[in-house]
Amino acid sequence: MKVLHILKITWIIVLGGLLQNCQSFQPNDWELKIEGIGSSSSPRAIDLNQDGIKDIIVGGGAKEFTATQAGVIAINGDTGQLLWQTPARNQIVGTAIFQDITNDGIPDVFIGGRSAIFFALDGSNGKIIWEYLKDDQETDYFNDPTILNFYSPQFIPDIDGDGKEDILTAYGGFIKATEQDLDRPIGSFMVFSSTTGKLVSRAFVPDGKEIYCSPVVVDIDQDGQLEILFGTGGEYINGQLYLAKLEDILQEDLNNAISLADGEGKGFIAPPIIADITEDGRKDIIASSVNGRVIAFDGTTNEKLWEMRIPGNMDTYAMPAIGHFYGNDQIPDFFASFGKGAWPDTEFTVHALIDGNTGKLIMKDTLGTFQYASSVVADFNGDGGQDVLLSINSKVTSNLNNSNMRFLGTDLVVYPSVNFKPYILQKTQLGTNLGSTPLLTDLDDDHKLDVISMFMGDPINFYSFKNLIIQRKELNVASASTDWGGYMGVEGTSIFR
């Protein structure tokens with residue numbers, strides 16, 4: 001398929017099996033527009049207003065280094081109306097996790113972002129319960145190289161004995177570093193008390209490199225002791241993929257971390273995936289490196305099982321999607337996306353289907369331009385198979401007044417497992433989605449699949465961060481078909497169950 005060939009059918013909504021019983025099915029669709037902000041956070045769903053319908057939480061932001069009133073946004077899942085918003089001094093880029101620490105029966109929100117923002121927010125009203133660094137006029141949040149970024153956090157067992165799970169999160173990435181600035185601030189992991197925000201421990205990564213990768217918490221060897229998987233390095237800085245003990249982070253010493261793979265001149269940004277691909281009942285590790293590889297490791301021995309690389313100058317910042325796409329075995333497969341050319345000069349995106357058993361490349365297709373949103377998985381056409389949904393960006397040509405004009409457009413595209421020939425789930429909309437992974441859920445428990453997607457409605461500027469549009473599209477598809485339904489999976493842990 002040629003680049004952007006899919007635009008020939010841009011204005012057609014192909015729903016396949018979704019048209020069954022359409023006369024009796026009345027979807028609850030809505031759209032919310034918020035001017036002045038955009039997002040590269042991914043949505044999560046949880047009931048905040050106690051109406052029995054899950055609501056949407058997502059991070060927002062204006063242009064980098066600009067404060068906004070809508071740093072964290074809560075949206076009524078039933079109506080699409082704004083429930084509350086929380087101001088932030090810079091963009092909130094992480095994905096939220098939830099736990100009730102106020103004991104009012106309403107889940108509270110934990111989320112992080114640029115300029116050392118990490119919030120614990122009251123889920124009922126968005127008010128700050130605690131934050132890592134409060135606004136201070138004496139602090140230069142944008143130029144101080146010790147003021148870095150928080151990414152997507154994870155819960156860990158209660159450390160401080162207050163009966164609540166505590167929080168592990170990565171801290172790193174100096175946003176103003178240039179390609180020539182190779183001596184960058186060292187990334188670290190922080191553990192916070194979820195109830196008070198007290199810093200319990202901080203451990204710096206063992207190779208002294210920067211970090212953008214959210215941690216994955218798992219008992220990989222099933223000995224009752226938790227491990228942490230993470231990557232270091234970035235677009236221009238070499239890094240490693242590491243396996244470390246949670247206890248070592250609590251002891252503030254990661255020197256015993258095991259390096260599973262070298263970044264070969266670049267790093268590991270996307271979080272790894274945990275899944276059994278050896279059929280031995282033990283968890284294995286699948287990771288993508290920035291330089292265009294997907295690598296699998298035996299979780300018992302740490303040995304490399306296979307490696308798949310797309311030829312050419314390919315980069316990737318996105319997690320693969322995982323599901324049963326190929327063959328008759330019970331081993332999950334992977335759908336990964338790679339950009340041709342290094343960011344920000346990505347020419348087009350190549351999508352690849354990988355056999356989870358052998359690492360063999362089964363199929364590849366060229367579709368869309370730069371984005372780093374991850375793919376998600378469900379049965380979209382009702383045939384019992386597992387299909388891949390991804391958000392793509394494209395260039396749209398319009399013949400207006402006999403003058404060719406080019407705009408930026410974004411689509412939701414499905415690759416059905418039956419033949420992996422893509423079709424458009426939702427017609428092209430003007431704007432772009434930079435890095436917001438769609439969410440597949442069932443907001444109202446009616447057993448129908450809801451697709452929550454986001455994009456920035458600026459058809460001219462790719463990094464505009466304005467005119468955020470959040471949409472709910474309810475499909476006539478069973479919600480039980482959701483297998484890998486959001487960023488880092490259904491539960492946000494990167495563990496495929």
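Hydrogens, waters and symmetry mates play no part in the numbers below; they use all other heavy atoms, side chains included.
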Donor-acceptor contact below 3.5 Å, side chain [X] vs main chain [Y]:
X: Arg44; Y: Leu439; value: no
X: Glu474; Y: Asn28; value: yes
X: Ser152; Y: Thr95; value: yes
X: Asp160; Y: Ser193; value: no
X: Ser417; Y: Gly385; value: no
X: Ser214; Y: Pro271; value: no
X: Tyr151; Y: Gly172; value: yes
X: Trp84; Y: Gly123; value: yes
X: Asp166; Y: Ile159; value: yes
X: Asp55; Y: Asn49; value: yes

Report summary line: Applied to residues 328-338, the side-chain hydrogen bond (donor to acceptor under 3.5 Å, both in side chains) test, sequence neighbours excluded, yields Ser337-His351
So how far is it from [X] [atom1] to [Y] [atom2], rounded to the nearest 0.5 Å?
X: Ile277; Y: Ile286; atom1: CD1; atom2: CD1; result: 4.5 Å
X: Tyr326; Y: Ile362; atom1: OH; atom2: CD1; result: 4.0 Å
X: Ile57; Y: Ile75; atom1: CD1; atom2: CD1; result: 8.0 Å
X: Ile46; Y: Ile56; atom1: CD1; atom2: CD1; result: 11.0 Å
X: Ile34; Y: Ile73; atom1: CD1; atom2: CD1; result: 4.0 Å
X: Asp450; Y: Thr441; atom1: CG; atom2: OG1; result: 6.5 Å

Could you tell me whether the side chains of [X] and [Y] share a donor-acceptor contact shorter than 3.5 Å?
X: Gln471; Y: Gln429; answer: yes
X: Ser391; Y: Asn433; answer: yes
X: Tyr415; Y: Asp365; answer: yes

What pairs with [X] under ring pair (Phe, Tyr, Trp, His ring centres under 6.0 Å), at least two apart in sequence or on another chain?
X: Trp30; answer: none
X: Phe230; answer: Phe189, Tyr242
X: Phe455; answer: none
X: Phe465; answer: none

Give me the atom names and distance for the closest heavy-atom approach of [X] to [Y].
X: Asn393; Y: Thr432; answer: OD1-CA, 3.4 Å
X: Ala116; Y: Tyr132; answer: O-CD2, 3.6 Å
X: Ser42; Y: Thr437; answer: OG-N, 3.0 Å
X: Gly173; Y: Tyr212; answer: CA-CE2, 3.6 Å
X: Arg282; Y: Asp221; answer: NH2-O, 3.0 Å
X: Asp219; Y: Gly224; answer: OD2-N, 2.8 Å

Pairs involving [range], ordered by first then second residue, that meet salt bridge (charged side-chain N to carboxylate O under 4.0 Å, His left out) (sequence neighbours left out):
range: residues 97-121; result: Glu64-Arg114
range: residues 123-132; result: none
range: residues 428-449; result: Lys54-Asp445, Asp444-Arg472
range: residues 83-97; result: Arg89-Asp135

**Report entry** By side-chain hydrogen bond (donor to acceptor under 3.5 Å, both in side chains) - contacts of Asp280 (at least two apart)
**Finding:** Thr278
Report task. Applying side-chain hydrogen bond (donor to acceptor under 3.5 Å, both in side chains), name anything that partners Asp162, two or more places apart in sequence or on another chain. Result -> Thr195
Query raised in the report: Quick one: do Glu35 and Lys33 make a salt bridge, cutoff under 4.0 Å?
Result: no
Less than 4.5 Å apart, any side-chain heavy atom of [X] and any of [Y]?
X: Ile101; Y: Trp130; answer: yes
X: Arg497; Y: Glu491; answer: yes
X: Thr493; Y: Val218; answer: no
X: Asp355; Y: Trp306; answer: no
X: Val58; Y: Ile470; answer: yes
X: Lys473; Y: Gln426; answer: yes
X: Leu389; Y: Val413; answer: no
X: Val93; Y: Asn149; answer: no

Query raised in the report: Relative to the ring of Phe370, is the ring of Tyr463 parallel (under 30°), tilted (30 to 60°) or perpendicular (over 60°)?
Result: tilted
Query - Reference residue Tyr171; test ring-ring contact (aromatic ring centres under 6.0 Å, His included); the match among Phe118, Phe192, Phe150 - result: Phe150
Query - Criterion side-chain contact (heavy atoms from CB on, under 4.5 Å) on Phe297 and Leu305, from CA distance to verdict - result: CA-CA 5 Å; Phe297 303 89; Leu305 296 170; 5.7 Å; no
Query raised in the report: How about Phe119 and Phe110: are their ring centres within less than 6.0 Å of each other?
Result: no
Query raised in the report: Can Thr428 and Asp411 be said to form a side-chain hydrogen bond (donor to acceptor under 3.5 Å, both in side chains), step by step?
Result: CA-CA 5 Å; Thr428 298; Asp411 304 273; 2.4 Å; yes
Requested in this report: List in chain and number order the residues that pass salt bridge (charged side-chain N to carboxylate O under 4.0 Å, His left out) with Lys63, two or more places apart in sequence or in another chain; answer none if no residue qualifies.
Outcome: none
Requested in this report: Report the C-alpha distance between Asn76 and Asp51 in whole Å, list the side-chain angles of each, state the deciding distance to 0.1 Å, and finish with yes or no for side-chain contact (heavy atoms from CB on, under 4.5 Å).
Outcome: CA-CA 10 Å; Asn76 187 309; Asp51 64 352; 4.3 Å; yes
